[in-house]
Amino acid sequence: MPLSVEIEFSGGAELLFNKIKKHKIELPDKMGVANTWTIRDLIGWIKENLLCERPELFVQGESVRPGILVMINNIDWDLVGGLDYVINNNDTILFISTLHGG
Amino acid sequence: MPLSVEIEFSGGAELLFNKIKKHKIELPDKMGVANTWTIRDLIGWIKENLLCERPELFVQGESVRPGILVMINNIDWDLVGGLDYVINNNDTILFISTLHGG
Amino acid sequence: MAALAESKVLEREEIGRYGRQLILPEWGVQGQLKMKSASVLIVGAGGLGCPAAQYLAAAGIGHLGVVDYDSVEVSNLHRQILHTEGRVGVTKVSSAQESIQSLNSKVKVTPHHLVLNSTNALNIIKDYDVILDASDNVATRYLLNDSCVLLKKPLVSGSALRFEGQLTVYNYKGGPCYRCLFPCPPPPHCVTNCSEGGVVGVVPGVIGSLQALEAMKIITDIGDSMISKLLLFDGFSGTFRHIKLRERNPECSICGDDPIIKELIDYEQFCGSKPNDKERQKELL
Amino acid sequence: MAALAESKVLEREEIGRYGRQLILPEWGVQGQLKMKSASVLIVGAGGLGCPAAQYLAAAGIGHLGVVDYDSVEVSNLHRQILHTEGRVGVTKVSSAQESIQSLNSKVKVTPHHLVLNSTNALNIIKDYDVILDASDNVATRYLLNDSCVLLKKPLVSGSALRFEGQLTVYNYKGGPCYRCLFPCPPPPHCVTNCSEGGVVGVVPGVIGSLQALEAMKIITDIGDSMISKLLLFDGFSGTFRHIKLRERNPECSICGDDPIIKELIDYEQFCGSKPNDKERQKELL
Ligand SMILES: [Zn+2]
Ligand SMILES: [Zn+2]
C-alpha cells in the first residue's frame with residue numbers, strides 16, 4: 001500500500017518547491033524490496049519528483065545540505081534515526097531552512 | 001473503567017486551582033447509570049473536587065461563569081456540543097479565563 | 001475628517017524607505033499603496049497600543065488614530081515603550097504622537113484625548129478602516145465590538161495579563177464578534193487588569209506587535225487572519241497555542257441575522273464597571 | 001570594565017516604576033534585583049536588537065551592551081524602531097543608546113561601535129551575563145556561538161526573514177549549542193539576509209521581543225527556557241510552531257566532551273562570507 005506523507009517546507013526552503021509550503025504526497029510501493037521508505041529514500045524521491053530547480057540548494061550527497069533541519073512529527077530527525085528513520089503512514093516531515101537575517 | 005482526562009487552566013483560572021495549570025485526573029466509574037461523563041458532569045466534579053476557593057469565580061449554575069471559554073482538544077466546546085459533550089478517554093479540556101488587560 | 005484618498009503611486013523616497021517590504025512578492029508595491037491609503041484606530045496607548053502603533057507607523061500606514069484619556073506615569077514605562085521619562089505627566093496620545101512622528105513623519109497621526117463612550121465612539125470609529133482593541137477593560141471591549149459591528153469594521157483584539165496574552169480578530173469576513181463568544185459580561189469582581197494583576201512588559205509587547213501584523217494583513221489582504229481562531233501566549237512556559245473558535249452565531253444579539261441591539265448601549269451599566277475605574281484598582285494594590 | 005555589583009535593595013522610585021512586575025509572585029522583588037544586577041549584550045542593533053533592547057531597558061536591566069558597526073539608513077526604519085528619521089547617518093549604537101536612555105535613564109548602556117570578530121569578541125562578551133544573537137549573518141552566528149561556549153554564557157538566538165522568524169536558546173543548562181545543530185555552515189550562495197530577501201518589519205519585532213523575554217527568564221531564573229526547542233513563527237499564516245531539537249552532542253567540535261576547537265577561528269573563511277558583505281547584497285537588490 002502506498003504511504004501518505006505530509007511534506008512541509010519552511011524558512012525559505014519552499015521557494016525551491018513552487019513556494020508551496022505543504023505537500024501531501026503518496027510514496028509508491030517499492031517493487032522487490034521490503035516496502036520501507038527511509039528519510040534517505042525520501043530525500044532522493046524529492047530530488048527527482050518535487051524539486052523544481054537548483055538541487056544544490058536543497059540536497060548534498062544523499063542528505064540535505066548544511067543549514068537545513070529535518071523534523072519528523074515536530075521532532076528533530078537526529079532523535080529518531082536521521083537518514084535511516086523509517087517513515088510511517090501519515091508522518092509529517094518538515095524541512096526547515098535556517099534563517100540568518102535580523 | 002475510569003476516564004483519564006487532562007484538565008488545563010489558563011488566563012488566570014489556574015489561580016483558583018493552586019496555580020496549577022495542568023491537572024491529570026481520573027474520572028471514576030459511575031454507578032447505576034451509563035458510564036458517560038459530560039462536560040456538565042465534569043464542571044460539577046471540578047467544583048466538588050478541585051476548586052480550592054470562591055466557586056463563584058469559576059462556576060455559575062451548572063456551567064462556567066461568563067468570560068470563561070471551554071476548549072475540548074483545542075476546539076471551542078460550542079462546536080462539539082457544549083455542556084452535553086461526552087468526554088472521551090485522553091481528552092484535553094482547557095478552561096480559558098479571558099484577559100482584559102493591556 | 002474625510003477618509004484618506006487612495007494612493008496610486010509611491011514616491012522615490014518611499015521606495016527606498018519601504019524597500020525591504022516591497023521586494024516581498026506577497027506585499028509588493030500594491031501592498032505598500034494599500035498601507036499608504038489605509039487608516040487604523042488604536043484604542044489604548046498602553047502596553048498593547050505602543051508596539052502596535054510603532055510597527056504600523058514604521059511600515060508606512062497612511063493614518064493612525066490613537067485614543068487614550070490618560071497621562072504618562074512612571075509605572076507605565078516598563079511596558080509602554082512609546083513614552084519616555086521626560087514625558088511623564090503628558091497625555092499618552094501626545095507622547096505617542098511624538099514618538100511615532102520621529103520614527104515616520106509621513107504618517108498622519110490623530111490623537112483622541114478622551115474616554116471612548118457610547119456618545120462619541122461611532123463618530124470617531126467611522127473614519128478608520130481597521131480598529132485595534134488595545135484597551136484594558138471589559139466595558140470598552142463591548143463598546144468597541146458593538147461599534148465595529150454597527151459600522152462593519154474589522155476589530156483586532158489583544159489582551160495581556162501577568163505572563164499571558166490573547167489575540168483574535170472579530171467581525172471580519174463573516175467570522176464571529178466578541179458577543180458571539182461572550183454574550184454576557186463577566187461578573188465585575190472576576191475581572192483583573194494590569195494594574196491589579198501585574199504584567200511582564202514584553203508580553204503585551206508581543207501581542208501588540210501581532211495586532212499590528214493582523215492589521216497589516218487585513219489592509220493588504222494577504223495571508224491568513226485570526227478569524228474564528230484564538231492565539232494564546234504563555235510567556236512563562238514560552239508556548240503559543242492555537243484554538244479553533246466557534247463561527248458567527250446567527251442568533252447573536254448584535255451581529256446575528258435578526259439583531260436585538262441596533263445602537264450603542266450603556267456599557268458601564270451593562271458591565272457593572274467603568275473604563276476609568278482606577279481608584280478601586282489602586283486600592284487593591 | 002567590571003561586572004555590575006550585585007544589587008541588594010530597590011530604591012523607592014524603582015518600586016513605583018517596576019510595580020507591575022514586582023506584584024507578580026514569580027518575579028517579585030528578587031527578580032527585579034536580579035534584573036538590576038544583570039548585564040545583557042545585544043549583537044546587532046537592527047530589526048531584532050531594537051525591540052529586544054527596548055523591552056530589556058524598560059524592564060530594568062542593569063547594563064545593556066549594544067554591538068553594531070553600521071549607521072542608520074532610512075531603509076532600516078521600517079523595522080529598526082529605536083532609530084529615528086532625525087538620526088539617519090548616526091551610528092546605530094549611538095542612536096539606540098539615545099532611545100534607550102530616554103525610556104530608562106537608570107540603565108547603563110555601553111555602545112560597541114565595531115565589527116565583532118575573533119580578535120575582540122571574547123574580551124567584549126566576557127563582561128556580560130547573557131548574549132543575544134540579533135545579527136544578520138552566518139559568520140557572526142558561529143563567532144557568537146563559539147565565544148559563548150568558551151566563556152560559558154547562554155546565547156539567545158533570533159532570526160527573521162520575509163514573513164518568518166526563528167528563536168532558540170543555545171549553550172544553557174546543558175542544552176545544545178549552534179554547532180551541535182549545524183556542524184557545517186551552509187554554502188554561501190544558500191544564505192539570504194533581510195536586505196536581499198526582504199522582511200516584514202514586525203516579524204523581527206515579535207522575535208526580538210521574545211528574545212528579550214528569554215533573557216529575562218534566564219536572568220530571573222523563572223519559567224521555561226527554549227533549550228533544545230525551536231520556535232518557528234510564520235507571520236503569513238499567523239502560526240507558531242514548537243519543535244523538539246536534539247540534545248547537546250557529546251562529540252560536538254566545540255561544546256563536546258573532547259572539543260577540537262579550543263579558541264576562536266577565522267569565521268569569514270569558515271563560512272566563506274564576511275559579516276559586512278553588504279556590497280554583494282546590494283547588487284542583488
Ligand atoms: Zn456576534
Ligand atoms: Zn555543541
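Fair warning: this is a prediction, and the values are worked out from it, not measured in the lab. Each chain gets a letter, A, B and so on, in the order the sequences are listed, and its residues count up from 1.
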Trainee: Is I75(A) in contact with chain D via its backbone, its side chain, both, or neither, using a 4.5 Å heavy-atom distance?
Mentor: both
Trainee: Would you mind checking which part of I207(D) comes under 4.5 Å of any heavy atom in chain A, side chain (CB onward), backbone (N, CA, C, O), both or neither?
Mentor: neither
Trainee: Find the distance between CD1 (I96(A)) and CG (L230(D)) and round it off to the nearest 0.5 Å.
Mentor: 5.5 Å
Trainee: Show the nearest heavy-atom pair for residues P185(D) and P66(A), with the distance to one decimal.
Mentor: O-CB, 3.4 Å
Trainee: Write out all chain A-chain D donor-acceptor pairs shorter than 3.5 Å, or none if the list is empty.
Mentor:
{"residue": "E8(A)", "atom": "OE1", "partner": "R241(D)", "partner atom": "NH1", "Å": "2.9"}
{"residue": "E8(A)", "atom": "OE2", "partner": "R241(D)", "partner atom": "NH1", "Å": "3.3"}
{"residue": "E8(A)", "atom": "OE2", "partner": "R241(D)", "partner atom": "NH2", "Å": "2.9"}
{"residue": "G11(A)", "atom": "N", "partner": "E164(D)", "partner atom": "OE1", "Å": "3.0"}
{"residue": "G11(A)", "atom": "N", "partner": "E164(D)", "partner atom": "OE2", "Å": "2.9"}
{"residue": "K21(A)", "atom": "NZ", "partner": "E164(D)", "partner atom": "OE1", "Å": "3.4"}
{"residue": "K21(A)", "atom": "NZ", "partner": "E164(D)", "partner atom": "OE2", "Å": "3.3"}
{"residue": "K21(A)", "atom": "NZ", "partner": "D234(D)", "partner atom": "OD2", "Å": "3.0"}
{"residue": "N74(A)", "atom": "O", "partner": "K244(D)", "partner atom": "N", "Å": "3.0"}
{"residue": "N74(A)", "atom": "OD1", "partner": "R241(D)", "partner atom": "NE", "Å": "3.0"}
{"residue": "N74(A)", "atom": "OD1", "partner": "R241(D)", "partner atom": "NH2", "Å": "3.2"}
{"residue": "D76(A)", "atom": "N", "partner": "K244(D)", "partner atom": "O", "Å": "2.8"}
{"residue": "D76(A)", "atom": "OD1", "partner": "R246(D)", "partner atom": "NH2", "Å": "3.0"}
{"residue": "D76(A)", "atom": "OD2", "partner": "R246(D)", "partner atom": "N", "Å": "2.9"}
{"residue": "D76(A)", "atom": "OD2", "partner": "R246(D)", "partner atom": "NE", "Å": "2.7"}
{"residue": "D76(A)", "atom": "OD2", "partner": "R246(D)", "partner atom": "NH2", "Å": "3.4"}
{"residue": "S97(A)", "atom": "O", "partner": "Q166(D)", "partner atom": "NE2", "Å": "3.2"}
{"residue": "L99(A)", "atom": "N", "partner": "Q166(D)", "partner atom": "OE1", "Å": "3.1"}
{"residue": "L99(A)", "atom": "O", "partner": "S159(D)", "partner atom": "OG", "Å": "3.2"}
{"residue": "H100(A)", "atom": "O", "partner": "R141(D)", "partner atom": "NE", "Å": "3.4"}
{"residue": "H100(A)", "atom": "O", "partner": "R141(D)", "partner atom": "NH2", "Å": "3.2"}
{"residue": "G101(A)", "atom": "O", "partner": "A160(D)", "partner atom": "N", "Å": "2.9"}
{"residue": "G102(A)", "atom": "O", "partner": "G47(D)", "partner atom": "N", "Å": "2.8"}
{"residue": "G102(A)", "atom": "O", "partner": "L48(D)", "partner atom": "N", "Å": "3.2"}

Trainee: Give me the atom names and distance for the closest heavy-atom approach of G67(A) to P186(D).
Mentor: CA-CB, 4.4 Å
Trainee: Do you know which of G208(D), P204(D), C190(D) has the most heavy-atom pairs with chain A at a distance under 4.5 angstrom?
Mentor: C190(D)
Trainee: By number, which residues in residues 42-51 of chain A have some heavy atom less than 4.5 Å away from chain D?
Mentor: none
Trainee: Which residues, numbered in order, of residues 45-52 of chain D come under 4.5 angstrom of chain A by heavy-atom distance?
Mentor: G46(D), G47(D), L48(D)
Trainee: Please list, chain by chain and in numerical order, all residues satisfying side-chain contact (heavy atoms from CB on, under 4.5 Å) with N89(A), sequence neighbours excluded.
Mentor: L3(A), S4(A)
